[in-house]
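Take this structure, written in structure tokens, and hold onto it; I'll ask about it next.
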Amino acid sequence: MSCPVSNRIAAQPPGKEVSSGVGVRAGGREGERGELKLLLFQWSVGVFVARSLWTCFLHFITLTGSCCSERSMADTEEENLQSQIDEVEALTSIYGDEWCVIDEAERIFCITVSDSSNKPTWTLCLQVILPAEYPASSPPLYQLNAPWLRGEDRLTLANNLEEIYLQNLGENILYQWVEKIREFLLGKSQTSDPAGPCLKSTSEETDVDDDCEIPAEELNESFKNSMLFGLNDSSGVEEIPPIIHGETITDRRSTFQAHLAPVVSPYQVKLILNKLYENKKIATATHNIYAYRIYIKEQNSFIQDCEDDGETAAGKRMLHLMQILDARDVMVVVSRWYGGILLGPDRFKHINNCARNILMEHKYCSAGEESSKQTAKSKKVGKECKKKADH
């Protein structure tokens, strides 16, 4: 019996091959793979193009928003400047020569305010800097200067001015500040000695040669720096720095004590003073002399200031000491309780010794101690040479 398959193969015409079903299926799968690869390639290209378009769109939106933001900021600054110009013109018209321009380019102005235009007994100088953000989003930066202004009076007046700013956000407030100060001075004249403020110079004689005068230009530069650094910037929540109390020095019933705190902004200085004055003993001290120095690394300069609090030249002497010792980012307050006996120049020695001791104890002046000793030695040698020359 013959094989059926062999018969069919033999029956095929010459030159024709028999196709296999397995080969047909293999060829079909190869075609499907090619189509799938093509689809994947097209999809990848589409995704790449879509991502590129999205990136370009986001970049365009960012540039547009940035340009709009810069344009908006420029418009705001221009509006602020025009508002400041209008306000200064109005104040000049109202107060005349009392309103002074210190530096128009830096927007620094001052006015002397008194309780009476005829015979003033209480006067105070208000010095202000108008930052570019005023009045839209920032208050004026200010200093209050008066020989009698200290302790509770200074804090009360500062709080009054800040309250006016908070009640009038985004508005011009200098006129209200000036009138609030005048109102405060009128209140002082009605409740205090008619002869005027007591400058607390009766506790000590004032025949001391002040050989450590801080140049006015240096203090003015410090005031300008404080504008850049944010003298009254209370927008950020700042904690009260830790306050350290030093050992007391007692001489002829007068007692001296230093208080030290680290500071990195002038606003912290105010917080420290507020905290110290919560202590009744410190608040009732005859004098609370203070000085501080804050280093601004970006500008390689210092914000520094001092307060005599009625003890003539004591604040400047203490600031001079801190400069010699190169004390940075620190504030020192020295309280003195007067015991009824005049100490003469010894009082300055005790004040500076209190300040030096607490600065040394807490490592704020190691860099400047050798410089201080060398300076003192040079002065001593110079005096001896002068004596020899005189003889």
Fill in the blank from the handout: All heavy atoms of M318 vs all of I351, minimum pair found to be SD-CG2, 4.2 Å
Fill in the blank from the handout: Looking only at heavy atoms, the pair that brings R336 and S254 closest together is NH2-OG, 3.1 Å
Completion exercise
d(Q176 CD, Q167 CD) to nearest 0.5 Å is 8.5 Å
Practice task
Determine whether E361 and E247 make a side-chain contact, defined as any pair of heavy atoms from C-beta on separated by less than 4.5 Å.
Solution key: no
Handout entry: side-chain contact (heavy atoms from CB on, under 4.5 Å) assessment of V178 paired with E98
Key = CA-CA 11 Å; V178 173; E98 293 180 359; over 6 Å; no
Problem - Residue pairs, two or more places apart or on separate chains, that pass salt bridge (Lys or Arg N to Asp or Glu O under 4.0 Å) and touch residues 262-281 - result: E162-K270, K275-E278
Problem - Flag side-chain contact, heavy atom, 4.5 Å: R293 against L319 - result: yes
Handout entry: Hphob cluster co-occupancy, Y175 + L126, side-chain heavy atoms under 4.5 angstrom
Key = yes
Problem - Residue pair V334 / E311, side-chain heavy-atom distance below 4.5 Å - result: no
Handout entry: Side chains of I181 and L144 in contact at under 4.5 Å (non-hydrogen atoms)
Key = yes
Completion exercise
Which of W99, Y95, Y142 passes ring pair (Phe, Tyr, Trp, His ring centres under 6.0 Å) with F109? It is W99
Practice task
Compare all side-chain heavy atoms of M322 with those of V330 and state whether any distance is below 4.5 angstrom.
Solution key: yes
Exercise for the section: For L271 and Y267, run side-chain contact (heavy atoms from CB on, under 4.5 Å): C-alpha distance rounded to whole Å, both residues' side-chain angles, the deciding distance at 0.1 Å, then the answer. Expected result: CA-CA 7 Å; L271 295 180; Y267 182 65; 3.9 Å; yes
Handout entry: Short side-chain to backbone donor-acceptor contact, R182 and S114, under 3.5 Å
Key = yes
Practice task
Keeping the roles fixed (side chain from Q268, backbone from P241), state whether a donor-acceptor pair exists under 3.5 Å.
Solution key: no
Practice task
Kindly indicate, with the supporting measurements, whether the criterion side-chain contact (heavy atoms from CB on, under 4.5 Å) is fulfilled by L321 and V332.
Solution key: CA-CA 11 Å; L321 170 69; V332 178; over 6 Å; no
Problem - Over all atoms of both residues, closest heavy-atom pair of I294 and P266 - result: CD1-N, 3.6 Å
Completion exercise
Correct closest heavy-atom pair for M331 and L273 would be CE-CD2, 3.6 Å
Handout entry: Atom pair OH/CG of Y364 and L260 - distance to nearest 0.5 Å
Key = 5.5 Å
Problem - Transitive ILVMFWY side-chain link L342 to W337, under 4.5 Å - result: no
Exercise for the section: Please determine which of I272, N279, N274 meets the side-chain contact (heavy atoms from CB on, under 4.5 Å) test together with L276. Expected result: I272
Exercise for the section: Kindly indicate, with the supporting measurements, whether the criterion side-chain contact (heavy atoms from CB on, under 4.5 Å) is fulfilled by T121 and K188. Expected result: CA-CA 10 Å; T121 54; K188 293 290 291 182; over 6 Å; no
Handout entry: Cluster check Y134, L166: I/L/V/M/F/W/Y, side chain < 4.5 angstrom
Key = yes
Handout entry: 4.5 Å side-chain heavy-atom contact, I243 and V333
Key = no
Completion exercise
CG (N352) and NE2 (H320) are apart, to the nearest 0.5 Å, by 9.5 Å
Problem - For the student: nearest non-hydrogen atoms of Q84 and P131, plus distance - result: NE2-O, 2.9 Å
Exercise for the section: Return yes if some donor-acceptor pair links the side-chain N/O of E171 with the main-chain N/O of P135 below 3.5 Å, else return no. Expected result: no
Handout entry: D329 and P262, any side-chain heavy atoms less than 4.5 Å apart
Key = no
Handout entry: Value rounded to 0.5 Å, distance of CG in D251 from CZ in F256
Key = 7.0 Å
Completion exercise
One should read off an interatomic distance between L325 CG and M360 CE, to the nearest 0.5 angstrom, of 8.0 Å
Problem - Single-linkage hydrophobic cluster L186~I164, side-chain heavy atoms < 4.5 angstrom - result: no
Handout entry: Side chain to side chain, F184 and L124, heavy atoms closer than 4.5 Å
Key = no
Exercise for the section: Could you label the plane-to-plane angle of the Y295 and F302 rings as parallel, tilted or perpendicular, counting under 30° as parallel and over 60° as perpendicular? Expected result: tilted
Practice task
Under the side chain to side chain donor-acceptor pair (under 3.5 Å) rule, what do D86 and Q82 come out as? Steps first, then yes or no, please.
Solution key: CA-CA 6 Å; D86 294 341; Q82 186 58 50; 3.0 Å; yes
Practice task
Inspect the surroundings of CD in E179 and state if more than 12 heavy atoms from other residues, nucleotides or ligands are less than 6.0 Å away.
Solution key: yes
Fill in the blank from the handout: Residue set satisfying side-chain hydrogen bond (donor to acceptor under 3.5 Å, both in side chains) with Y290, at least two apart, ordered chain then number -> none
Exercise for the section: First locate atom CD of E77, then atom CD of E133, and finally report the distance between them rounded to the nearest 0.5 Å. Expected result: 7.0 Å
Practice task
Check the hydrophobic clustering (I, L, V, M, F, W, Y; side-chain heavy atoms under 4.5 Å; chains of links allowed) and say if L169 and W177 are grouped together.
Solution key: yes
Practice task
Using the salt bridge (Lys or Arg N to Asp or Glu O under 4.0 Å) rule, take E307 and R154 through it: C-alpha gap first, then chi angles, then the decisive distance, then the call.
Solution key: CA-CA 12 Å; E307 171 61 45; R154 181 181 289 276; 3.3 Å; yes
Problem - S335 versus N288, closest heavy-atom pair with distance - result: OG-OD1, 2.5 Å
